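Below, chains carry the letters A, B, ... as their sequence lines are ordered, and counting in each starts from 1. The model shown is predicted, which means the values in this text are computed figures rather than measured ones. Every heavy atom of this structure was used, including side-chain atoms; hydrogens, water molecules and symmetry mates were not.
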Amino acid sequence: MKKLTVILLTIVVALALTLTGCQKGSKTIKIGVGGAHTGDLASYGLPTVNAVQLVAEEINANGGIDGKMIEVVVEDDQCKPEIATNTASKLVGEGVVAVIGHICSGATKAALGIYKDSDILTVSPSATNPDLCDGTYPNFFRTIASDSAQAETEVAFMKTMGLKKVAVLHDKGDYGKGFAELVQANAPAAGIEVVLFEGITPGGVDYSAIINKVANSGAEALVWGGYHPEASKLVTQMKNKGMSIPFLSDDGVKDQTFIDVAGEFAEGVYATGPIDTSTNALYKKAAADHLAKYGEEPGAFFYNAYAAMLAVCNAIDKADSTEYAAMRDALTSNYVDTTLGSISFDNSGEAIGVGFVVYQVKNGKYVEVK
Amino acid sequence: MKPILDVKDMSMVFGGLRAVDKVNIHIDKGEIVALIGPNGAGKTTFFNCITGVYTPTEGEILISRSDNSGDQKKINGLKPNVINNMGLARTFQNIRLFSSMTVLENVMIGRHHALKSSILGSIFRVKSTREEEERLIHESYGILKKIGLEKFVNEQAQNLPYGAQRRLEIARAMATDPFLLLLDEPAAGMNPQETRELVDTINFIRDEENITILLIEHDMSLVMTLSERIYVVDYGQLIAEGAPEEIKANPDVIKAYLGE
Amino acid sequence: MEYFIQLFMSGTVKGSIYALIALGYAMVYGIIQLINFAHGEIYMIGAFTALIIGATMASAGVPTGLVLVVALISAMVWAAAYGVTLEKIAYKPLRNSPRLSALISAIGMSIFLQNYVLLAQTSNFVPYPNWVPQFAFLEDIKGILNSNQFFILLTTAVVMVLFTLMIRYTKMGKAMRATAQDKAMAQLVGINVNQVISVTFVLGSVTAALGGVLICSYMGQINYYIGFIAGIKAFVAAVLGGIGSIPGAVLGSFVLGWTESLGAGYLSSDYEDAFAFVILIIILLVRPSGLLGKKEIKKV
Amino acid sequence: MHNIDWKKELKQSTLAALWFIFLTFPLMVMKVAIIQGQATITWRWYNVPVVAVTFFILSFVWRYMLERRNFTQKKESKDILGKLLAQPKYSRPAIIALAVFLLAFPFAFSMYQTNVMISVLIYIILGLGLNIVVGYGGLLHLGYAAFYAMGAYSYGLFFTYMGPKFIEWGINTGLMFWIAIPAAAILSLVFGFIVCLPVIRLRGDYLAIVTLAFGEITRMFLQNEGQITLGPSGVSQIPRPWLLGMKITPVFAAKYVYFIALVLVIISIKVVKNLEDSKIGRAWEAMRDDDIAAQSMGIDLTRAKLASFAVGALWAGFAGVLLAAKTTFINPESFTLWESIIILCVVVLGGMGSIPGVIVGSVLMIMLPEYFRSFAEYRMLIFGLALVLMMIFRQGGIIPRKRKQHTFEVEGEGAVK
């Protein structure tokens, strides 16, 4: 037992010494990546890691920023708020100057509680919740347009389709319900009546009751706020019931997996998604680099993350500093060429130069609706 | 003088089976009464009805702590703990001790009703609670001493010899301060020596502690030496009542035991 | 009125789906008083196996009808194998342990099997082919009842009838009833209790696999997580009907299906699951042993 | 354990290996992938020998372990460490070392480590609370996360609705934490009492499913009633606890919340210990051992159950407020059925009814996944398997329950031990 006590004390002392000894005087610029890297949402988080690493490697190969190398620190948050605070504190403890992430809006909010008070610049490639840019988090930026922009695009499109009555369903989640509520709020101004607004439970075994309800409501179209698995269940069941009203959705559905899963039933589905920049030179380069390194096409939010990383590195370069205020200043006052085109950020944190357009599934591919 | 336990036309029906059928029993203060009958005659069901484990389908059960006619109370359908608090305590045919507890703790559970401390008092372990706990332990030890189990006080209940376990059940029941003690086959599984000690214990409880006793028993010699009155049930019905000698000679009883 | 019929039919279909899964819960509970938390995973594994075998055959150019039959059979075979293995490994060593230990073991198995499929296959949603034949006579009323729904109803009805007959008239059925009532007694009169338990797991797994294939065909997709929510719902249905009772499980499933559909249709689908849970609580308050559950008599 | 029949053993292991090859064939050897909307199969034959060898060996180990379990079950386990620690000579330095370690922790380790430790402490409180219901009361509770949510939302919503007022009045919003701590505990207690009242007469599994239902209904309410609860987007910007009006940085907050949590844990342990040794604790013990005998000895089961539910819920209230203060953000997703199951696993894995067990259970459940991130993919797989194996081979949990037993020394005055 005495031994045990001694061992315990030694461990404490040793850990205390090592941990206090290694912080200061690092010659690298550390940039953190937070997001879901394991679990069922990993497919949304991992592409960001790849994007950040590709950019870092390229910059380091060219001599770094003002001679300083970039070091990427990757931490998983599983999209869970309570884990995200641990992740954030780990990144802060590592001494990162900026974070690319997080992926989910909920986890991002939880992590921002720590980044904000630690003065760490945070650029998310995917968190679209409008609240994030309402001024409460001055350190927050994103390279994706907010859900309000997305909902506005959707409603404007519904107006051009000549719809008068729509049903709005959502998955009761942060993202899905948020989008659905914004559509509901914008619809009256466009002369559209929302005749049904309800949430459904993801993972259910049968949605025929709610589809009957939609059919019965006299809606001329169904708007879905949520992700693709439920969307494909809904379109499949609608078509099997002989319903043919248009199905409109968000960028959670603008994903090739949706078309793979829903198959023939996906034809004709509308979904909003970020403006297509695939003709952009940097975009092509990023895609080629990814294919060369990982042997496959990049996944969700890859280009947004690539752009975010480019913007952050550019800001450090322009500011000649890793001080928060200087970096923030550089970020909001300069345009930078990215995979998403030439972008800058406004004072609330939204990217200028990114936006949404409407796509439609035609012959098993999403095609922009002009 | 009113009986302290008065059961009137009590029946207990399970589905179609009449386990207890219009039974009338009364017990006076200070008696030792036995309830006998062949296996499956409904004796334990009768106990369960009186102690509140079952709610009898028909009839009335009245108790009174003293023999004044004034304070007779109907206890049909009350919960077992309420009935216990009113002064009826029991033992079980198949011993139901709290096996993970010590002998002392088993008796302490029996004293549960006598404790006044509140949850808050327990949480903060205030002085009055501590004193009460101390007192409780001494009281419980006292009860064990009376029943002659003090040498086992710190043993785990399940490690006791069989006879001692039965006696511990009696001690635990006595700890609840009853005026009527219902013993369900107290001598089952005991050797002759243990049985003799049991007789002394039961007499002691009646004489010194002033507790009336109703017991179910198969050991006829014990029943005949101990009890003053005997009730005999068969197929749920009361078939005979009387002093031991009368019962011994009753042809219905002999028939019930020996069969046709 | 037509709206009501639509909702009622969709509730009936939903009820049939729950019933196919709930049966396994009820049977296992009846025999060994264990909430088999991993039952939903057996359902998922059955459906996955059918997809894999079916996809292999379809790419080899086997005709659709044959694909359906072979895929279904292999789903049932492997689900049964998983069910029996599950029982042998995770439940049998705990047969004389406190109930909570067996329940935690079941939860552990549920987590294990989900992640096993996740790692061995994929975390993504996979499209599920619709193998169910499309009936021409339903074309006009497909707004109320389409071919997949019809096929699910039909299967559930057939399974119910077969089960009732089996339990009532076969030797195994009698042995199962005896074991459910008193395991020690059944053993004494010469019933091989281990065998009865294995058969129970086989039957429960087979119906779950059947349900898995039909439901995935109907919904058009599958992933490793589908068993969890379906399993919880079926479990609620089984409890609602009186856990351990097979007719109770079926009745409970339909009550649940109707409540959810009518609740979603006339009130709000926001609280679709809450309606199910509220009905459950109300029924249990009135009948603490479920709709058809036997009232237990305390043995003293 | 003697005379191993090698021929038989070999045969059994071979059979097991063959069986598992068959069993895992479709899922392990074949893999479905979607290419261009078409399901295709890739064959992974290399998995066959892997499965065969693995299960051939595991089969041996399994049978050996099962036999050993049956063999040793009867004997008392040799708890050397426990016996050593029972002596004051050894226990005192151990306790001092532990105290030093715990006090020095946030200063010796990074903010990240401290935050992880806060999670552990929160789960200890949750575990102790649920332990009252499951371990002492013997009632299977699958909706404990609802009470956790109750605590977190009491603080969160209190801030949402009253925060602006506090700012208007010029009062530091951090003070709300100190109001929320007792308020949330009382609210959870009352909520626990109300929920319990109608369902108390249900037994065993029926009780489990109804508590599950209550948990889910609570979460749905939080999700759907956005006007009241802010819906799925949750409550953000929850203030950190007040300390003399200081501006609290995250690094400092982590240390500060750590110590608040630590104090709460110590209080919880003390209170739970006191409860265990008291009248109500003995009543729970008796109820769990034999409810009919307990009732016949005058114990009011309804009251005992109500007490265990309500007191159990109280700790969830504390834990909830701590969670809100730690993350500064809460949403309904943190209070799912899974959360209830995880807390249940903490209790059962650690050892039902055992306070040190709950502590070790929380440490394992939270720290292992956190530190074994490199095994991320296999983490849940191993976790599931560990639950099964624990139940089979160490049923009482890691530190089985060892209740303080009341004894009586006859010598002298009869000192109470």
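Within the 4.5 Å cutoff, no side-chain heavy atoms of Asn81(B) are placed close to those of Leu301(D). Using a 4.5 Å heavy-atom threshold, the side chains of Lys279(D) and Leu136(B) count as separate. Within the 4.5 Å cutoff, side-chain heavy atoms of Met297(D) are placed close to those of Arg172(B).
At most 12 non-hydrogen atoms from other residues, nucleotides or ligands lie less than 6.0 angstrom from CZ of Phe124(B). Within a 6.0 Å sphere centred on CZ of Phe193(D), other residues, nucleotides and ligands contribute 12 heavy atoms or fewer.
Using modelled atom types, one side-chain atom of Asn84(B) and one backbone atom of Ser296(D) make a donor-acceptor pair closer than 3.5 Å.
The part of Thr176(B) that comes within reach of chain D is its side chain, from C-beta onward, which places non-hydrogen atoms under 4.5 angstrom from that chain. Contact of Leu104(B) with chain D is made through the side chain alone, with heavy-atom distances under 4.5 Å. Neither the backbone nor the side chain of His113(B) comes within contact range of chain D; no heavy atom of the residue lies under 4.5 Å from a heavy atom of that chain.
The minimum heavy-atom distance linking Arg125(B) with Asn274(D) is given by the pair CD-OD1, 3.3 Å. Taking each heavy atom of Phe92(B) and Ile292(D) in turn, the nearest pair found is CE2-CG2, 4.1 Å. Listed here is the closest heavy atom pair of Ile109(B) and Arg282(D): CD1-O, 3.3 Å.
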> Does the side-chain contact (heavy atoms from CB on, under 4.5 Å) test come out yes or no for Lys79(B) and Gln295(D), once each step is laid out?
Replying inline: CA-CA 8 Å; Lys79(B) 283 186 180 166; Gln295(D) 211 177 8; 4.1 Å; yes

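Here Ala286(D) is the residue among Ser278(D), Ala286(D), Gly281(D), Ala283(D) with the most heavy-atom pairs under 4.5 Å with chain B.
Between atom OG1 of residue Thr129(B) and atom CG of residue Asp277(D) there is a gap of 12.0 Å, rounded to the nearest 0.5 Å.
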